[in-house]
Amino acid sequence: TTNHEKIIGVCGCVAQEEGAKLLKRFPEIDLIFGPDQIYRLPELLELVESTNRPAVATELINTAEDYHFLDAVPATRLHGPTAFITIMKGCNSHCSYCIVPKVRGTEVYREARDIIREIEAMVERGCREVTLLGQNVNSYRDPKAETSFANLIRLIADNTNINRIRFTSPHPKDVKEDLVEEYAHNAKLCPHIHLPLQSGADSVLKRMRRAYNTGIYREKVAKLRNARVDLAMTSDIIVGFPSETAEEFEQTLSFVEEMQFDNIYAFKYSPRPDTEAFALEDDVPLNVKDERLSRLLTLQSKIAKARNEAHLGTMQEVLVEGPDKMASGRWMGKSGGNKVVNFTGNAILRGDIVNVEITKANANSLEGRVGVHG
C-alpha cells in the first residue's frame, strides 16, 4: 500500500524459497522475510515505512554466533501449562524429498544454559510441561560444551522444576544409547516418542536417503521399548513415493503391523521443487496413492483402537489442559504417553496433574474419571 496503514508481509519457508520472485507475482507485497530473519522484523518494518519500498530479507544464518533465537527472550505470557522451546534450527540430513535444509539452512544450536534459563522462567509462570523443538531435534549439540541431546534432557530435569519433558521431531539415525538410558532412568522424560519411519520398505528408504533401514529402525525401537515398557510411539509415513511398487507398499503395511504404533501421521507424496526427489518421475497415480493411504489408515485405526483398549482399567497421570473440546462439562488433558484423555472430576484446576482411571477407549482418545489427586 502507498500509505502503509497496512503492511502486507510474507514470511516463513515459502518466503525463504521464493524470495523476491514473489514481488513479480504479487506487487502489493511490502515485506518478505525468511525464518532466519524474523528477529529483524522491527527493523524491516521501519525500512518499509521510511523508504516506501518493499523489503526482502532471506539470508540464511548458519553459525551460532550470528543466529538469534527469539526464545532467548522469555515470553511475557504463558498460555496454559505447556510450552514449546526451540533448541535448534536447520537440518544437516539430506532426505531426498525434503526442502527443510534449503529453506532453514544447516543446524544451529542454542546453548544449554539459555534453554534451562528459559524453561525455569516458564516454570515460574506456571508451566509444567515443555516440548523441545528442532527440525532434527536429537542431533542437538551445545555450541559451547560437549552436551549431547540426552545430556540436555538430563540437565533440564536436574536443574529446573519442570514436571514433564517431551521433544519433537527426532531422526532415527540419531537415537543413541544415551537417549535410551534417559528413557530408562529419567522420570521427567515422558513415555512417548514420535519417531518418523516414512516407509517400511528398505528400497524406498534408500531412495529417500533416510540413512537407516527397517532392521536398524526395528533394533532401536526394541531398545526404547525395553527401556520403558509403557512407551507410546507415533510415526510419519509417506505413501506413493516415486516408483513405489505394490510390493514395497505391502512391506510398509507389514512393518506398520509389526511396529504397532499408537498413532501415525500419513501423507501422500507430492513433489517439492529444489529437492533431489523432484528430478524423479512422480509416477504413482493419484488414485493409487489415495487407495494406499486409505488402506494404511484403516490398518492403523485398528491398531490404535487396540492400543488404547489396553489402557482400560489403568490409572494414567494426566496434565489438565482445560475443559474438553466438546464443552460437555468434562476436563481434557494428555497422559504421559501423549494420549488425549477426557475425564470427569471435582475441584480440578488447569495445570493440575491428576490420576485418571481409564473407563473407555476410542480410536483417538481415552475417557475416564479422576482417582487420587496428584
Side-chain angles (χ1 to χ4, degrees), residues 74-85 118-133 153 156-168 182-183 185-194 228-234 261-263 265 300-374:
T76 54
R77 288 189 298 170
L78 179 72
H79 299 282
T82 65
F84 293 89
I85 309 292
E118 183 187 359
I119 291 173
E120 195 52 39
M122 292 287 187
V123 170
E124 289 174 6
R125 287 194 290 275
C127 181
R128 305 203 71 180
E129 174 186 292
V130 292
T131 300
L132 309 179
L133 297 179
I153 291 174
I156 293 169
D158 290 346
N159 293 282
T160 75
N161 289 315
I162 198 70
N163 296 88
R164 287 177 163 188
I165 303 168
R166 301 186 189 276
F167 59 87
T168 196
E182 285 304 304
Y183 273 105
H185 302 295
N186 190 338
K188 290 186 176 182
L189 181 58
C190 287
H192 168 252
I193 187 169
H194 181 74
R228 197 74 166 261
V229 293
D230 59 340
L231 186 72
M233 183 169 296
T234 52
F261 295 116
D262 289 79
N263 194 13
Y265 301 90
Q300 179 55 41
S301 180
K302 293 176 183 175
I303 295 171
K305 185 77 187 303
R307 299 279 294 179
N308 281 351
E309 285 174 347
H311 289 79
L312 287 170
T314 66
M315 297 291 283
Q316 298 290 318
E317 279 197 350
V318 176
L319 173 59
V320 182
E321 296 183 15
D324 81 322
K325 290 189 167 68
M326 301 301 290
S328 63
R330 298 182 299 176
W331 293 91
M332 184 277 290
K334 293 221 178 85
S335 69
N338 208 37
K339 293 183 183 292
V340 172
V341 184
N342 296 299
F343 59 96
T344 56
N346 299 317
I348 294 169
L349 298 173
R350 185 165 71 166
D352 284 348
I353 294 178
V354 296
N355 289 313
V356 177
E357 181 185 359
I358 303 304
T359 58
K360 184 178 179 182
N362 305 310
N364 297 307
S365 65
L366 301 171
E367 298 179 34
R369 54 176 175 262
V370 168
V372 181
H373 197 284

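Along the sequence shown, residues carry numbers from 1. Bear in mind the structure is a predicted one, so any value in this text is a computation, not a measurement.
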Could you pull out the closest heavy-atom pair between [X] and [Y], with the gap in Å?
{"X": "Ala304", "Y": "Ala363", "result": "CB-O, 3.7 Å"}
{"X": "Asn355", "Y": "Met315", "result": "CB-CE, 3.7 Å"}
{"X": "His311", "Y": "Gln316", "result": "CD2-NE2, 3.3 Å"}
{"X": "Asn362", "Y": "Lys305", "result": "C-CD, 3.8 Å"}
{"X": "Ile153", "Y": "Glu182", "result": "CG2-OE1, 4.1 Å"}

I need the [X] [atom1] to [Y] [atom2] distance, nearest 0.5 Å.
{"X": "Asn163", "Y": "Ile353", "atom1": "CG", "atom2": "CD1", "result": "4.0 Å"}
{"X": "Glu120", "Y": "Asn159", "atom1": "CD", "atom2": "CG", "result": "9.0 Å"}
{"X": "Phe84", "Y": "Met122", "atom1": "CZ", "atom2": "CE", "result": "11.0 Å"}
{"X": "Asp230", "Y": "Ser335", "atom1": "CG", "atom2": "OG", "result": "9.5 Å"}
{"X": "Arg350", "Y": "Leu319", "atom1": "CZ", "atom2": "CG", "result": "10.5 Å"}
{"X": "Ile358", "Y": "Leu366", "atom1": "CD1", "atom2": "CG", "result": "4.5 Å"}

- Query: Between Lys334 and Glu129, does at least one N-O distance fall below 4.0 Å, as a salt bridge requires?
  - Reply: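 Answer for the salt bridge query: no.
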
Side-chain heavy atoms of [X] within contact of [Y], under 4.5 Å:
{"X": "Val320", "Y": "Pro81", "result": "no"}
{"X": "Thr131", "Y": "Thr82", "result": "no"}
{"X": "Ile156", "Y": "Leu132", "result": "yes"}
{"X": "Val370", "Y": "Trp331", "result": "no"}
{"X": "Thr234", "Y": "Phe261", "result": "no"}

- Query: Is there a donor-acceptor contact under 3.5 Å from the side chain of Arg166 to the main chain of Gly336?
  - Reply: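 Side chain of Arg166 to backbone of Gly336, a donor-acceptor pair under 3.5 Å: yes, one is there.
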
- Message: Quick check against the 3.5 Å criterion: does Arg330 have a side-chain atom that pairs as donor or acceptor with the backbone of Asp324?
- Response: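 Side chain of Arg330 to backbone of Asp324: no pair is present.
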
Distance-only criterion, 3.5 Å: show the donor-acceptor pairs between side-chain atoms of residues 338-345 and protein atoms not counting sequence neighbours.
from   : atom 1 : to     : atom 2 : distance (Å)
Lys339 : NZ     : Asp262 : OD2    : 2.8
Lys339 : NZ     : Asn308 : OD1    : 2.9

- Taking only residues two or more places apart in sequence or in another chain, which ones pass salt bridge (Lys or Arg N to Asp or Glu O under 4.0 Å) with Glu357?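 Salt bridge (Lys or Arg N to Asp or Glu O under 4.0 Å) list for Glu357, sorted by chain: Arg369.
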
- Query: Who are the side chain to side chain donor-acceptor pair (under 3.5 Å) partners of Asn161, not counting sequence neighbours?
  - Reply: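 For Asn161 there are no side chain to side chain donor-acceptor pair (under 3.5 Å) partners, ignoring immediate neighbours.
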
